[in-house]
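For reference, the structure discussed in these notes is given below.
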Amino acid sequence: MQEYNFNSIEQKWQKVWDDNKTFKASNNDTTKPKTFFLVEFPYPSGQGLHVGHPRSYTALDILARKRRLDGHNVLYPIGWDAFGLPTENFAIKNKIHPKIVTENNVANFKRQLKSIGFSFDWDREINTTDPSYYKWTQWIFLQMFKHGLAYKQEMPINWCMGCKVGLANEEVVNGVCERCGSEVVQKNKSQWMLKITQYAQRLIDDLDETDYIEKVKTQQKNWIGRSEGAEVDFAVDGTDEKIRVYTTRPDTLFGATYVVLSPEHPLIEKLADKIGNLDAVKEYQLMASKKSDFERTELTKEKTGVPLEGIYAIDPVNDAKVPVWISDYVLTTYGTGAIMAVPAHDTRDFEFAKKFGLPIIEVVGGGKNIQEEAFTDVETGIMVNSGFLTGLSVEEAKKKIIDFLEEKGVGTRKVNFKLRDWVFSRQRYWGEPIPLVKCEKCGWVPLPESELPLVLPELESFEPGENGESPLAKAYDWIKTACPSCGGEAERETDTMPQWAGSSWYFLRYMDPDCDTALASPEALKYWTPVDWYNGGMEHTTLHLLYSRFWHKFLYDIGVVPTKEPYYKRTSHGMILGENHEKMSKSRGNVVNPDDIVNTYGADTLRTYEMFIGAFDQSTPWATNGVEGCFRFLKRVWGMQELLVEGDVYSAELEKAMHKAVAKVTDDTEKMKFNTAIATLMALTNDIYKLGKINKAEFKTFLTLLNPTAPHITEELWQIAGFEGQISQQSWPVYDPAKTVDNEVEIVIQICGKVKSRVMIPADMDKTAMEEFAKTNETVTALTEGKEIVKIIAVPGKLLNIVVK
RNA sequence: GUCGGUGUGAUGGAAUUGGCAGACGUGACGGACUCAAAAUCCGUUGAUGGCAACAUCGUGUGGGUUCAAGUCCCACCACCGGCACCA
């Protein structure tokens, strides 16, 4: 037997798979069921892969390989999400074109991925920075613009005082710039926005059609943040003005003791000449506007506010005259930017009322002392002090009051969402140019589709401008253009799209990556949509996953894609931590590079360990000793070729173990319980070694079970054993349920729930027979000697529990 | 604060969903092979007591349900992740 030379074995088979295009997916194979497995395509950073990437890729690679053996036409593609800031920053710092940086990084990532032996269909490799790709990203944006889903608006952006540049939220850490540590302030900039809020309800509802893990569904629902309530108009005393408030507790209207406006509320301006303390109000507004993100999110913040002296609002249910305040605990961007305050039944209003000595009126009884603490429970309370609502439950009161408000024309049912529209502009170079032109006469005009892709202009430097404009603002020749509509002088938009753009539809391009008449041909879209199984990180739940669902729904609405939802199943992997149980990071110095593992132990060992490390959906620390253990396992598998015997060597024990293993590995793999599937194969290996021999049929089965996890070594052993063809073209083994059952099983004898003994009984003994057995069996009777049997519990195949006195 | 998750040997983690707690791997200890080491192979390994058969205890804490609880219920603690003045 030759030594287990993993390096040459792995290179050999990787070449065979490449040369034969073993894992190429067909776009028109109607003879097989199709399965589309998707993993999040990587951002090709300068650091290369770390061991977190292969966890997800190996998991779906195992599933992809298994499904191929099951006879499916499997699409398992990969590509590069290559636009983005780190590349651009590297390019600026080292004066290299981002395109070159990207090329280098992609080459390195590709080499790394190939060395691990993933069964990707490399003919479908895509790159978001490729003009033939981003042509379609721009095309989708244009359709959104044409359908009124893209609009321009003044929005505050994060502005670094040091770098003089706009930052993404992710680059702001504790209120300072991640790179230079300078203060970050809010600066208003006109930005392109996408109306994702228009899809809020559907983004919640259609989750029912998917098979996402529950965690992802709830996180998305919470993020979208739907709430049901009412908008109610409070008249401003002595004027024609109204204050419209949003509340989820219209049932507490009788308990409203004041009204609060957000500091930016437009009504303040309108009422300016009636406000007695205008200076104090203006001062408060100024202070609120200066607050940085950091201050606003500070944990120990006390409520602040100023009354609008001389201004009173009229409660529409009881005509009570209540004071009006402004406070930054009311957000401009949510609801109507104004609230009615019910301190007895809202914690925030309570705090505010206590601080400023405002009255607290109980309207929901049965709770705590509302002078000491707000009572917010909606389940148990009964209405008090509430006119015609008194005596009702909170739920009944809600219905009745809304009917009342609607009848009187002072209020209406209203649903609100926390979800905000998507800020879609970046003042950066390395992104897709926004294909719009600004004309003095015609306004914003879309580029004709025939002019797509609008290619990024070449620039000398990629630094953003002094005032935070995009680097493209310096490409004067590129900017100047003719208006597509009137032909007059016009200028191109200089902002680019965010990194999320290209990844919002990439799975569609995989279906038909070379199509130049559409983002993918209708046939390909019809065949492959939706993605059957998408695995990725939890960190993408509320951004990428939601964004791409939104884009897909839009494409569905305009008839481009055939399904409402892009992904049928979504699963998520846990993080791999450093050996010291901390998050892996360069600064902590605990990063493991997969190259080192591949070189020292081989790709098969890396793959096996990545799956054996722990429960797939949980985070687990890396352990070099664990890698070693998997390496030993594969060496034992390698050694099995010595145990292979000709002819009908038969062991009833091994046969049963094999059938059980097939059942277990099949089941575990589909449930992503890769760690226990591998443990099963390890235990089976131990059995085989104990027996000292294995016949050909059993060896074939064993190798096939291990193949998706460790594809190289199993291909090699298949060949060494002289079996026909390649293992990757065989069928997944089936087991005979009859052969997994034991004739005899060991059951436990308990006395009053405590294990006292074990006996062998026939496996098919039923409950009554077991009860009879308990009365006559020597082992059992010896244990119950001299005691009175109260009860016998028999669980077939498991145990006998005898309750005695 | 709130939503979600986790808590099991020295250690990473198993436990067919209420039925033998600790599979499999690592480490440690003992042994074989070796001049020796590495590699490999075999054995032991939750704790306490006992020469032993065996007994008692044991899944974050405290209670409960049950013939039987790591698993179900109630209360709490710790850690991790998301959101965070969303009315």
Side-chain angles (χ1 to χ4, degrees), chain A residues 214-223 225-227 229 245-250 252 260 262 296-299 301-303 327-331 333-342 345-349 351-352 376 416-420 538-539 541-542 574-575 577 579 581 583 608-609 612-615 617-630 632-633 635-636 639 663-664 667-668 673 675-686 689-690 746-758 790-804:
Chain A
E214 219 40 52
K215 225 186 348 181
V216 170
K217 285 192 185 184
T218 41
Q219 222 178 90
Q220 288 212 347
K221 283 180 193 163
N222 290 343
W223 181 265
R226 182 193 147 99
S227 78
V245 303
Y246 175 70
T247 176
T248 55
R249 297 292 306 275
T252 61
V260 189
S262 66
R296 238 175 278 161
T297 54
E298 237 174 334
L299 281 169
K301 55 205 156 191
E302 255 207 23
K303 299 265 181 299
S327 171
D328 66 0
Y329 88 89
V330 175
L331 308 173
T333 45
Y334 183 76
T336 59
I339 62 155
M340 65 172 203
V342 186
H345 306 291
D346 181 282
T347 323
R348 296 151 303 181
D349 298 344
E351 270 174 45
F352 193 83
T376 56
N416 267 327
F417 298 94
K418 287 187 201 172
L419 184 70
R420 304 293 145 85
M538 280 309 289
E539 70 275 17
T541 304
T542 51
M575 222 190 315
L577 305 171
E579 203 129 11
H581 290 53
K583 199 169 165 172
T608 308
Y609 180 62
F612 187 63
I613 191 167
D617 59 353
Q618 264 159 273
S619 51
T620 324
W622 185 266
T624 306
N625 281 334
V627 181
E628 207 100 30
C630 290
R632 270 180 219 153
F633 164 59
K635 278 195 283 191
R636 275 162 77 79
K664 178 87 176 137
D667 197 48
D668 280 355
K673 293 170 81 171
N675 53 338
T676 49
I678 292 166
T680 304
L681 292 175
M682 285 174 170
L684 187 58
T685 304
N686 294 341
Y689 266 83
K690 263 201 189 107
E746 189 184 61
I747 62 154
V748 173
I749 308 295
Q750 295 181 337
I751 302 296
C752 293
K754 296 213 166 187
V755 180
K756 292 289 170 182
S757 183
R758 291 151 224 270
V790 180
K791 199 174 174 186
I792 296 173
I793 292 115
V795 182
K798 294 242 165 69
L799 59 78
L800 261 176
N801 186 12
I802 294 124
V803 187
V804 295

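All chains are named by letter (A, B, ...) in the order of the sequence lines, taking the proteins before the strands, and each is independently numbered beginning at 1. These values consider heavy atoms only, across backbone and side chains, with no hydrogens, waters or symmetry-generated copies. Treat the numbers as computed from the prediction; the structure is a model and nothing was measured.
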Suppose you measure atom [atom1] in [N] against the same atom in [M]; what distance do you get, rounded to whole Å?
{"N": "B:G46", "M": "B:C41", "atom1": "C1'", "answer": "27 Å"}
{"N": "B:C85", "M": "B:U66", "atom1": "C1'", "answer": "46 Å"}
{"N": "B:U16", "M": "B:A21", "atom1": "P", "answer": "14 Å"}
{"N": "B:U71", "M": "B:A53", "atom1": "C1'", "answer": "33 Å"}
{"N": "B:A10", "M": "B:G22", "atom1": "P", "answer": "15 Å"}
{"N": "B:G70", "M": "B:G7", "atom1": "P", "answer": "14 Å"}
{"N": "B:U11", "M": "B:G60", "atom1": "P", "answer": "13 Å"}
{"N": "B:G31", "M": "B:A23", "atom1": "P", "answer": "24 Å"}

At 4.0 Å (heavy atoms only), tell me whether [X] reaches a base, stays on the sugar-phosphate, or touches nothing.
{"X": "A:Lys221", "value": "nothing"}
{"X": "A:Thr347", "value": "nothing"}
{"X": "A:Arg636", "value": "sugar-phosphate"}
{"X": "A:Ile613", "value": "sugar-phosphate"}
{"X": "A:Thr542", "value": "nothing"}
{"X": "A:Glu351", "value": "nothing"}
{"X": "A:Glu746", "value": "base"}
{"X": "A:Asp349", "value": "nothing"}
{"X": "A:Thr620", "value": "sugar-phosphate"}

Quiz prompt | Where RNA chain B forms stems, i.e. three or more consecutive Watson-Crick or G-U pairs with both distances under 3.5 Å | solution =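 Detected stem regions: B:1-7 with B:77-83, B:10-12 with B:24-26, B:27-32 with B:40-45, B:46-49 with B:54-57, B:60-64 with B:72-76.
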Output the single nucleotide from [options] whose closest atom is nearest the side chain of [X].
{"X": "A:Gln618", "options": "B:A87, B:U16, B:U6", "result": "B:U6"}
{"X": "A:Ala615", "options": "B:A14, B:C85, B:A87", "result": "B:A14"}
{"X": "A:Val755", "options": "B:A21, B:C85, B:G43", "result": "B:A21"}
{"X": "A:Val803", "options": "B:C85, B:C67, B:A14", "result": "B:C67"}
{"X": "A:Lys754", "options": "B:C57, B:A23, B:C67", "result": "B:C57"}

Using modelled atom types and a 3.5 Å cut-off, is there a donor and acceptor pairing between side-chain atoms of [X] and backbone atoms of [Y]?
{"X": "A:Gln220", "Y": "A:Thr541", "value": "yes"}
{"X": "A:Asn801", "Y": "A:Gly753", "value": "yes"}
{"X": "A:Glu579", "Y": "A:Thr624", "value": "yes"}
{"X": "A:Tyr609", "Y": "A:Ala623", "value": "yes"}

Nucleotide [N], atom [atom2] - distance to [atom1] of [X] in whole Å:
{"X": "A:Lys690", "N": "B:C42", "atom1": "NZ", "atom2": "P", "result": "7 Å"}
{"X": "A:Ile793", "N": "B:A69", "atom1": "CD1", "atom2": "P", "result": "12 Å"}
{"X": "A:Asn625", "N": "B:G13", "atom1": "CG", "atom2": "P", "result": "15 Å"}
{"X": "A:His345", "N": "B:C85", "atom1": "NE2", "atom2": "P", "result": "23 Å"}
{"X": "A:Lys215", "N": "B:G81", "atom1": "NZ", "atom2": "P", "result": "13 Å"}
{"X": "A:Leu799", "N": "B:G18", "atom1": "CG", "atom2": "P", "result": "14 Å"}
{"X": "A:Ile802", "N": "B:G19", "atom1": "CD1", "atom2": "C1'", "result": "14 Å"}
{"X": "A:Leu577", "N": "B:G81", "atom1": "CG", "atom2": "C1'", "result": "12 Å"}

Quiz item: How are the rings of A:Tyr329 and A:Phe352 set relative to one another: parallel (under 30°), tilted (30 to 60°) or perpendicular (over 60°)?
Solution: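 Because their plane-to-plane angle lies in the 30° to 60° range, the rings of A:Tyr329 and A:Phe352 count as tilted.
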Quiz item: Has the side chain of A:Lys418 got a donor or acceptor atom sitting under 3.5 Å from an opposite partner on the base of B:C83?
Solution: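 No such pair is found, so the answer is no.
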OP1 or OP2 of [N] versus the side-chain N and O atoms of [X]: is any pair under 4.0 Å?
{"X": "A:Ser327", "N": "B:C85", "result": "no"}
{"X": "A:Asn222", "N": "B:A84", "result": "no"}
{"X": "A:Tyr689", "N": "B:C41", "result": "no"}
{"X": "A:Arg632", "N": "B:U40", "result": "yes"}

Practice problem: Assign B:G60 to syn or anti; the rule is syn for a glycosidic angle within 90° of 0 and anti otherwise. | Solution: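 What B:G60 shows is an anti base, its glycosidic angle lying more than 90° from 0.
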Quiz item: Which label fits B:U17, syn or anti, where anti is any glycosidic angle not within 90° of 0?
Solution: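 The base of B:U17 is oriented syn (glycosidic angle within 90° of 0).
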